[in-house]
Amino acid sequence: GSVPIYQVDPDVNILRQLALYARTQIIGRVIGVTGTSGKTSTCAMLFSSISSLGLRVRKPNKYGNVSSGISRALRTEPWDADVYIFEMAGGTMPLNAQLVRPDVAVITNIGPGHLERDGSLRAIAKRKARILRGVPDDGVAVIYRDGELSEYLINVAKRQGLRVFTYGKHPDADIRLIDWSELDNSVELSSPLGPLRFKMSVDGIHMVENAMACIATGIFLGLHVEGM
């Protein structure tokens, strides 16, 4: 039979409404990642580690990490994956948060990137913290604890009533780095699950920090983090 065709105006608001509808149809858990640096590598590590557990994982950022790209990704992604991972830029964060509505919001760090636009690190932190506006009441904020503005981010999340998992070297971090050897990339962490020991397949303390963000996310999602 014939297929009905509807012609509509090419309005960005219509496309956005389609993306918002698509988000309501996603049945899996959604992770949003932002920060001055480390977004892309953290998303890649989340994809690799969660996929290794046999889950169906989507990382739909081929259209970019601003609202137009995220909107397009939502409109074209299948709805039946187990986990979705979105990299989210700070420049369009209010709309990004509205579109993605992440169950887990990961904030990797706050640094001087885009300082010329925002004017101060606190302004950058405020912009990145807007990701939390999209997190549901039963969601979680995963926050890098070693940054100078981590307390600000933690307070924003707690005022919103969100659970908070932190990671880093800080003595109060939920996922805390105890030891890391540059010689063989062995890592020892303390965590709510007890001590965790493993070897990294990539070099650099920044990648160890990414791994801690992945572990914190995995704990909240109830995943077998020892197998990640």
Side-chain angles (χ1 to χ4, degrees), residues 1-35 38-108 114 117 127-142 160-163 210 213-214 217-218 220-224 227-228:
S2 61
V3 177
I5 299 175
Y6 300 93
Q7 182 173 346
V8 298
D9 294 331
D11 190 303
V12 67
N13 289 322
I14 294 174
L15 297 177
R16 191 173 298 156
Q17 290 301 315
L18 289 172
L20 290 168
Y21 172 77
R23 175 63 183 89
T24 67
Q25 302 305 300
I26 287 177
I27 60 174
R29 308 306 292 273
V30 177
I31 304 167
V33 181
T34 194
K39 295 186 293 295
T40 302
S41 54
T42 298
C43 287
M45 190 176 289
L46 281 164
F47 180 84
S48 175
S49 59
I50 298 175
S51 296
S52 72
L53 300 177
L55 297 176
R56 296 167 299 170
V57 186
R58 304 289 299 183
K59 185 168 66 71
N61 277 111
K62 62 183 176 181
Y63 302 119
N65 60 11
V66 298
S67 59
S68 58
I70 290 172
S71 176
R72 185 176 180 184
L74 283 168
R75 297 194 306 271
T76 56
E77 280 297 302
W79 296 340
D80 59 350
D82 298 307
V83 178
Y84 297 79
I85 303 164
F86 286 89
E87 180 177 329
M88 300 167 66
T92 55
M93 187 57 78
L95 184 51
N96 290 351
Q98 181 185 3
L99 288 166
V100 175
R101 290 191 287 110
D103 300 296
V104 183
V106 180
I107 304 179
T108 58
H114 303 298
R117 178 188 66 192
R127 183 183 294 273
K128 302 293 186 184
R130 290 171 181 157
I131 189 176
L132 302 174
R133 297 179 183 176
V135 181
D137 293 341
D138 60 347
V140 67
V142 174
Q160 195 173 311
L162 302 178
R163 293 174 61 188
N210 291 349
C214 293
T217 300
F220 171 74
L221 294 178
L223 303 180
H224 179 59
M228 292 170 61

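Hydrogens, waters and symmetry mates play no part in the numbers below; they use all other heavy atoms, side chains included.
A 4.5 Å side-chain heavy-atom check between Leu223 and Leu55 finds at least one atom pair inside the cut-off. By the 4.5 Å heavy-atom criterion applied to side chains, Ile131 and Asn96 are not counted as neighbours. Counting heavy atoms from C-beta on, the side chains of Thr34 and Lys39 come closer than 4.5 Å. Residues Leu20 and Arg23 form no side-chain contact, since every pair of their non-hydrogen atoms from C-beta on lies 4.5 Å or further apart. Within the 4.5 Å cutoff, no side-chain heavy atoms of Ile26 are placed close to those of Arg58. Side-chain atoms of Leu99 and Leu74, non-hydrogen and from C-beta on, do get closer than 4.5 Å to each other. Arg29 places none of its side-chain heavy atoms less than 4.5 Å from the side chain of Tyr84. For the pair Phe86 and Pro102, the minimum side-chain heavy-atom distance is 4.5 Å or more.
For Ser49 (side chain) and Met45 (main-chain N/O), a donor-acceptor pair under 3.5 Å exists by modelled atom type. With hydrogens and angles disregarded, no donor-acceptor distance shorter than 3.5 Å links the side chain of Gln98 to the backbone of Gly134. Looking at Ser51, its side chain never comes within 3.5 Å of a backbone N or O of Val57 through a donor-acceptor pair. Between the side chain of Thr217 and the main chain of Ala213, a donor-acceptor pair closer than 3.5 Å is present.
Here SG of Cys43 is found 5.0 Å from CD of Glu87. Values are rounded to the nearest 0.5 Å. Between the CH2 atom in Trp79 and the CD1 atom in Ile27 there is a gap of 11.0 Å [rounded to 0.5 Å]. Taking OG1 of Thr40 as the reference point, atom CG of Asn210 lies at 10.0 Å (rounded to 0.5 Å). The line from CD1 of Ile50 to CG of Leu221 is 6.0 Å long, rounded to the nearest 0.5 Å. One distance of note links CG of Leu46 with NZ of Lys59; it measures 10.0 Å at 0.5 Å rounding. The distance from the CD atom of Glu77 to the OH atom of Tyr63 is 8.0 Å, given to the nearest 0.5 Å.
For the pair Arg75 and Leu18, the tightest heavy-atom approach, listed with the atom from each and the gap, is CD-CB, 3.8 Å.
No more than 12 heavy-atom neighbours from other residues, nucleotides or ligands sit within 6.0 angstrom of CG on Asp137.
With no hydrogens or angles considered, no side-chain donor-acceptor pair links Arg72 and Thr76 at under 3.5 Å.
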Let me see the working for Val140 and Leu162 under side chain to side chain contact (heavy atoms under 4.5 Å, CB included), right down to the final yes or no. CA-CA 6 Å; Val140 67; Leu162 302 178; over 6 Å; no
Apply side chain to side chain contact (heavy atoms under 4.5 Å, CB included) to the pair Val33 and Met88, showing each step before the final yes or no.
-> CA-CA 6 Å; Val33 181; Met88 300 167 66; over 6 Å; no
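For the side chain to side chain contact (heavy atoms under 4.5 Å, CB included) with Val30, the qualifying choice from Asp103, Val104, Val83, Val135 is Asp103, the only one to do so.
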